[in-house]
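Beneath this line is the structure, given in structure tokens, with notes to follow.
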Amino acid sequence: MEERSGPGVGPDDALATAWRDARCGELSELWLDRRVRLAGWVHRVRDLGGVLFIDLRDRAGRVQLAFGSDWCATETLAQARELGSEDVIQVEGEVLRRPPEALNPDLPTGGVEVHVDRLNVISRSAPLPILVAGLTEDTLPSEELRLRHRVLDLRRPEMIHNFEVRHAAVAAAREALSEEGFIEVETPLLTRRTPEGARDYLVPSRVNPGEFYALPQSPQLYKQLLMVAGYDRYFQLARCLRDEDLRADRQPEFTQIDVEMAFVDVDDVLGVCERMLKRMWSRAAGVELEVPFPRLSYGEALERYGTDKPDLRIPWKLVDLTGLLSGIGFGIFDRTVEEGGRVRGFVARGGAALSRGAIATLDELAREVGAKGAMWLKARAEGWSGPLAKYVGGEVGGALHSEHGMEEGDLLLMVAGPDPETGRALDALRREAAARLGALEEGAHRWLWVVDFPLFQADAGSGTPIAAHHPFTMPVEAEPERIRESPLEIIANAYDVVYNGVELASGSIRCHDPEIQRAILEVLGFTRKEAEDRFGFLLEAFRYGAPPHGGYALGLDRTVAMMVGAPSIRDVIAFPKTTAARGLMEGTPSHVEPDDLAGLHIQLCEDD
RNA sequence: GGGGCUGUAGCUCAGUUUGGUUAGAGUGCCGGUCUGUCACACCGGAGGUCGCGGGUUCGAGUCCCGUCAGCCCCGCCA
């Protein structure tokens, strides 16, 4: 466009640039009767013959452009008629109030329109492989195509919204932490392997033949070193990388808000995290969280919900039915109890409405997660029904009512077996039954801390102790002898934030005592030499004055996904990978020429 | 590593159960009409390796085997 013919600046000139005076979606009534220059993408064209409308779109939203013979040169009108979806144009014209019968209350800019008299076609769009405008949930292209044509997908207002929320969340976190005296420090991406559980991504070193860097699974060790260095309060928006299989909520690279602070105890850390989350949710999601969050011990969580990340939107709690339901002649239960197991279950309010088929699905679900199956009992007007019905007459039935609140119309779901089995199964059943019965508290934000995790867990296969959180966690009772003698009984100063059944953050007070640390590493089976090899630099640093310290890490992708209600974190990551860890748009990973590999001192094996 | 779902026009899907004439719809695209639309409307048109390979059959989008891709789940991921 040649010379500016309008006013130099408009009512909101902060965003005015060489190419535009305002953003489309922000064109307010303040602009009425002024000339404006806008630029953006052609969202949609409505050609009515004598008059033509274009929705012009940019990140801020869209505004209606009107082209008509009364105010457009014939040439301009003809040029506008040639425009197609996603062409980039610049226009100039007068901002006018729309005729009363042509207002659009659904659009923030729906009270005004721009009568364009100058049109500059900046860049035309080829025919679109996937649409940007006019998609509904039903016609959304497959995820494969959305990822392949990610630029077009990211243009969709829904996606832009996700990233604006993400930005607001990040900005709020930075602000909240900065206000409390935290400083942001970057730690290396090229690191060495750390004793965390996941597989590392490795990077060959060109100048050190045969040696590799590891990409960090988290900045864990570095942030502890910063504490020893006296940096008090640190945070980082840390990219973390793990070479494990993907899921809807797992990507090989993801971001966590990583926080560490010195001279603190559990309450200090939880307070910082709560205030950070409160600010984030207020700013990014418009939700005011009530802090402090309730706390639940790990043991209690498993007993009442069967999981260490309970969804408190579901009101039902697990109860122990071993005493009540064994010895009443129901063989499966009696056998379980003889084998040292328990019968646990919960009352699903209104669950008697579930069909046999639905219950069969629940049983199947219980088996899928490793239990022998699910038992059920319906309380109906005409009496009990289900496999247990004939065993629960009189006293037992009465107890179900008086002790466990079972009423007519309810369903009792039970699983028998060892605690870990019944817990996993009942957690799955509780979620599924609640979903089917609509028992989920709608629109609720149920936060809690799960605290008092064990320091170690028995490895499922070998039974040997493995770190429940990570090997640098401070036990609550800090005697090295007890750690060596009965490691599985030791409670750790570790905690998780759980939101609506999803673990969003996790942290601990770290071990700054060399004696205790040594005992922990021994229990985990590290020889002195192995420990020295893998993280000697941390142990070394601890020798020169280590403050008590602790922190947490918040999964940013999951958090933002929760805020916007995205089914997958891929919707809040600009360029995510597929479940096969591929980047469909850019084509990653890709083959490398043998020459380039040779330069890295790497040779490929024969394919097997 | 294992289990499941999906793959048909640029896109979203129907058709596959029960093999059979020319594979349909909506949308997008192209052409046309239209001065107040906003999912504009109306008329016309083009557009298909039924993911790929093999097999069964007189005949395969449809049945069988293999394979690729995407998604969901288990394992795995402190």
Side-chain angles (χ1 to χ4, degrees), chain A residues 43-56 62-72 77 81 84-86 96 98-107 109-110 113 115 125-149 152-153 194-200 217-218 220 240-252 254 308 364-365 367-370 424 428 453-457 459-461 466-473 492 494 496 503 506-508 524 553 555 567-568 570 577-580 582 584:
Chain A
H43 189 70
R44 225 187 254 281
V45 181
R46 290 179 296 278
D47 184 352
L48 274 62
V51 65
L52 177 142
F53 299 103
I54 286 177
D55 290 332
L56 191 65
R62 44 189 222 256
V63 68
Q64 176 162 282
L65 309 178
F67 295 77
S69 49
D70 293 354
W71 60 91
C72 278
L77 201 52
R81 201 146 273 148
S85 292
E86 301 306 311
L96 293 174
R98 292 194 189 187
E101 70 280 6
L103 299 174
N104 185 349
D106 298 332
L107 210 60
T109 62
E113 64 187 8
H115 281 219
S125 167
L128 298 170
I130 61 173
L131 301 185
V132 176
L135 291 172
T136 65
E137 215 169 299
D138 287 343
T139 60
L140 198 64
S142 70
E143 184 133 23
E144 186 174 357
L145 287 164
R146 290 179 52 203
L147 291 173
R148 201 175 291 283
H149 305 288
L152 293 174
D153 190 48
T194 53
E196 288 153 328
R199 271 185 287 267
D200 295 300
Q217 297 180 27
S218 84
Q220 182 60 38
C240 303
L241 299 108
R242 296 176 189 177
D243 187 6
E244 294 292 345
D245 287 355
L246 290 81
R247 289 281 194 285
D249 62 352
R250 264 158 41 189
Q251 282 276 305
F254 60 97
D308 59 4
E364 184 59 34
L365 182 66
R367 290 168 198 276
E368 267 171 35
V369 298
R424 260 200 314 277
F453 278 78
L455 189 59
F456 303 100
Q457 284 172 331
D459 179 75
I466 53 174
H469 184 65
H470 64 58
F472 309 111
T473 302
D496 279 1
E503 179 195 321
S506 180
S508 65
L524 290 172
S568 156
R570 290 186 299 271
K577 302 284 189 284
T578 66
T579 49
R582 288 193 170 277
L584 294 182

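Throughout, protein chains are lettered first and strands after them, A, B, ... in sequence-line order, and every chain is numbered starting at 1.
- Shown here is A/Glu101, whose CD atom has more than 12 heavy atoms of other residues, nucleotides or ligands within 6.0 Å.
- For A/Arg570, no side-chain nitrogen or oxygen approaches OP1 or OP2 of B/G70 to under 4.0 Å.
- Of the candidates B/G36, B/C34, B/C76, the closest approach to any side-chain atom of A/Asp47 belongs to B/C34.
- Residue A/Gln217 places at least one side-chain N or O closer than 4.0 Å to OP1 or OP2 of B/A78.
- Using a 4.0 Å heavy-atom distance criterion, A/Ile466 is classed as making no nucleic acid contact.
- Contact check on A/Asp55 versus A/Arg46 returns a salt bridge, with a Lys/Arg side-chain nitrogen under 4.0 Å from an Asp/Glu carboxylate oxygen.
- Pairing for B/A41 is with B/U33, a Watson-Crick or G-U wobble pair whose two hydrogen-bonding atom distances lie under 3.5 Å.
- Ranking B/G75, B/C11, B/G36 by closeness to the A/Pro141 side chain, first place goes to B/C11.
- A sub-4.0 Å separation between OP1 or OP2 of B/C11 and a side-chain N or O of A/Thr139 is absent.
- A/Asn104 comes within 4.0 angstrom of a nucleotide base, judged by non-hydrogen atoms across all strands.
- When distances run from any side-chain atom of A/Asp245 to the nucleotides B/G1, B/C72, B/A78, the shortest one goes to B/G1.
- Rounded to a whole Å, the CG atom of A/Leu52 is 14 Å from the P atom of B/C34.
- Base engagement by A/Ser69 is indicated by at least one non-hydrogen atom pair under 4.0 Å involving a base atom.
- For the pair A/Leu135 and A/Val51, nearest-nucleotide mapping onto RNA chain B gives the more 5' position to A/Leu135.
- Per the geometry, CG belonging to A/Leu246 stands 14 Å off P belonging to B/C77, to the nearest Å.
- Protein atom CG of A/Leu131 is 7 Å distant from nucleotide atom C1' of B/U27, rounded to whole Å.
- Contact annotation for A/Glu137: no contact, since no heavy-atom pair falls under 4.0 Å across all strands.
- For a distance-only test at 3.5 Å, the side chain of A/Arg44 fails to qualify as a donor-acceptor partner of the base of B/C38.
- The residue A/Ala580 sits close only to the backbone: its heavy atoms come under 4.0 Å of sugar-phosphate atoms, none of a base.
- For the pair A/Gln457 CD and B/C76 P, the computed distance is 12 Å after rounding to whole Å.
- Atom pair A/Arg199:CZ and B/G75:C1' shows a separation of 11 Å (rounding to whole Å applied).
- Using a 4.0 Å cut-off, no side-chain N or O of A/Arg46 falls inside it from OP1 or OP2 of B/U37.
- Residue A/Pro99 is in base contact, counting any heavy-atom pair closer than 4.0 Å across all strands shown.
- Applying the 4.0 Å criterion to OP1 and OP2 of B/U12, one finds that A/Ser142 has a side-chain N or O inside that range.
- Within the 4.0 angstrom heavy-atom criterion, base atoms lie near A/Leu103.
- Close to B/A78, at under 4.0 Å from its OP1 or OP2, lies a side-chain N or O of A/Arg242.
- Out of B/C76, B/U27, B/C38, the shortest distance to the side chain of A/Arg247 is found at B/C76.
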For this session: Start with the C-alpha distance between A/Arg570 and A/Gln251, add both sets of side-chain angles, then the distance that settles side chain to side chain contact (heavy atoms under 4.5 Å, CB included), and finish with yes or no.
Result: CA-CA 8 Å; A/Arg570 290 186 299 271; A/Gln251 282 276 305; 3.5 Å; yes
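- Listed nucleotides: B/U37, B/C11, B/A78. Nearest to the side chain of A/His469: B/A78.
- Distance from the side chain of A/Ala248 is smallest for B/C73 among the nucleotides B/C73, B/A78, B/G70.
- Counted by atom type alone, A/Asp200 and A/Gln217 present one or more donor-acceptor pairs between their side chains at under 3.5 Å.
- In this entry the distance linking CZ of A/Phe67 with P of B/G36 reads 18 Å, nearest Å.
- Looking at heavy-atom distances under 4.0 Å, A/Ala467 makes contact with sugar-phosphate atoms alone, never a base.
- One finds a salt bridge joining A/Arg199 and A/Glu244 here, because a Lys/Arg side-chain nitrogen approaches an Asp/Glu carboxylate oxygen to under 4.0 Å.
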